[in-house]
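Working notes, beginning with the structure itself.
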Amino acid sequence: MSTEGPEKTGAPGATSDRPIRVAIVDDQAMVRQGFGALLDAQTDMTVVGSAGDGSDAVDLVRRTHPDVILMDIRMPRMNGLEATRAVKAMPGLGHPRIIMLTTFDADEYVFSALRAGASGFLLKDATADDLVSAVRIVAAGEALLAPSVTSRLIADYASRPSAPRRTEVLSPLTEREIEVMELVATGQSNAEIAGALFLAEQTVKTHVSRILSKLALRDRTQVVVAAYESGLVSPAG
């Protein structure tokens, strides 16, 4: 098994008095070491271990219970998409959030990663600040898509046949929840949505939670995908 540094164990789920627990999975040792040093230097993060392929990653996650996993897509033995599916299927892990890392921003990887259960997608040429920010965003339950990935996501949906009728897919939602979902899909934060709809931010959080529950979605990333697939949002607005 490829795991650098001592493993730090504990209960899953980041809290205000406990650092975000991060696992790094990449087949390049320099990437693992570089990302590990950067994230471990943050006062609100701790790297619990790393692995060089998807198979070792599954074992690492089972033993260390990270809050966030940085997962490369292309790896030997078991790739990142397969590992993501395996991690998401594990019981009792507190639903770790996964950021897919790749040097490729091809559409098929985006959709495969999101449908496998990833909470974010980031290209490896992102800056150090972007990487640190990405971990915090995903740990807080927000969605994360690199700008170039977001544009490709929208372009792909624009080229697809007509989406299902909104009433068929979104019928469990109230009109207010549909409004909130539409704004989430355009990339707005809870605070921005609260300002746009003249609501308290906590009320927006409640609406988002109900959307996730009613539509059986994991997180805000899947809300974005569902909004486009349902026809609620289109590139034309």
Side-chain angles (χ1 to χ4, degrees), residues 1-14 20-40 45-126 128 130-132 134-135 137-139 143-146 148-149 152-153 156 218-219 221-222 225:
M1 177 174 302
S2 176
T3 304
E4 292 89 11
E7 293 177 4
K8 308 167 188 178
T9 58
I20 301 167
R21 299 167 55 78
V22 184
I24 302 170
V25 183
D26 195 288
D27 62 347
Q28 298 182 41
M30 289 184 65
V31 171
R32 297 195 300 270
Q33 293 165 5
F35 285 178
L38 171 66
L39 298 178
D40 229 7
M45 299 179 193
T46 182
V47 175
V48 297
S50 63
D53 62 59
S55 180
D56 283 350
V58 172
D59 182 64
L60 173 66
V61 171
R62 183 180 292 112
R63 290 182 291 105
T64 62
H65 300 275
D67 302 313
V68 175
I69 306 166
L70 298 179
M71 182 84 76
D72 190 17
I73 287 184
R74 293 191 172 188
M75 295 183 294
R77 289 211 295 168
M78 178 187 287
N79 66 37
L81 298 178
E82 294 170 325
T84 294
R85 295 186 187 101
V87 167
K88 288 296 182 179
M90 289 182 187
L93 282 183
H95 305 291
R97 301 186 181 278
I98 299 174
I99 301 174
M100 305 302 296
L101 294 170
T102 184
T103 55
F104 307 96
D105 58 350
D107 295 335
E108 62 268 24
Y109 293 116
V110 178
F111 292 108
S112 296
L114 296 180
R115 287 172 179 147
S119 296
F121 195 102
L122 195 64
L123 302 182
K124 286 185 180 179
D125 62 2
D130 285 343
L131 177 61
V132 171
V135 172
I137 288 170
V138 169
L144 174 76
L145 290 175
S148 63
V149 172
R152 284 175 176 267
L153 186 70
D156 182 88
R218 292 187 185 92
D219 53 34
T221 305
Q222 291 199 336
V225 174

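Bear in mind that the values here come from a model prediction, so they are computed numbers and not experimental data.
- Each of Ile98, Asp56, Thr84, Ile69 was evaluated against Val25; a single residue qualifies, Ile69, per the side chain to side chain contact (heavy atoms under 4.5 Å, CB included) test.
- By the side-chain contact (heavy atoms from CB on, under 4.5 Å) test, Ala134 is found to be paired with Ile99, Leu122, Leu144, residues two or more places apart in sequence or in another chain being considered.
- The side-chain contact (heavy atoms from CB on, under 4.5 Å) check on Ala128 picks up Leu38, with sequence neighbours excluded.
- Within the 3.5 Å criterion, the main-chain N or O of Pro96 finds a donor-acceptor partner in the side chain of Lys88.
- When all heavy atoms are compared, the tightest approach of Gly52 to Met75 is O-SD, 4.1 Å.
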- [ ] Verify side-chain contact (heavy atoms from CB on, under 4.5 Å) between Thr102 and Leu123, making sure each step is shown before the conclusion.
- [x] CA-CA 5 Å; Thr102 184; Leu123 302 182; 4.1 Å; yes
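- Take Lys124 and apply the side-chain contact (heavy atoms from CB on, under 4.5 Å) test, not counting sequence neighbours, and it matches Asp26, Gln28, Asp72, Leu101, Thr103.
- Judged by distance alone, the side chain of Asp40 and the main-chain N or O of Val47 form a donor-acceptor pair under 3.5 Å.
- The side-chain hydrogen bond (donor to acceptor under 3.5 Å, both in side chains) check on Arg74 picks up Tyr109, with sequence neighbours excluded.
- Side chain of Arg32 to backbone of Ser50: no donor-acceptor contact under 3.5 angstrom is found.
- Proximity of Leu81 to Met100: side-chain heavy atoms (C-beta onward) are separated by under 4.5 Å at one or more points.
- Partner Arg62 forms a side chain to side chain contact (heavy atoms under 4.5 Å, CB included) with one of Leu60, Thr64, Val58 and no other, that one being Val58.
- Distance CZ/Arg77 to CD/Glu82: 12.0 Å, rounded to 0.5 Å.
- Between Val68 and Ala139 the shortest heavy-atom distance is CG2-CB, 3.8 Å.
- Of all heavy-atom pairs spanning Ser55 and Asp53, the tightest one is N-OD1, 2.9 Å.
- Two residues are said to be in side-chain contact when any heavy atoms from C-beta on lie closer than 4.5 Å; Asn79 and Ile73 fail this criterion.
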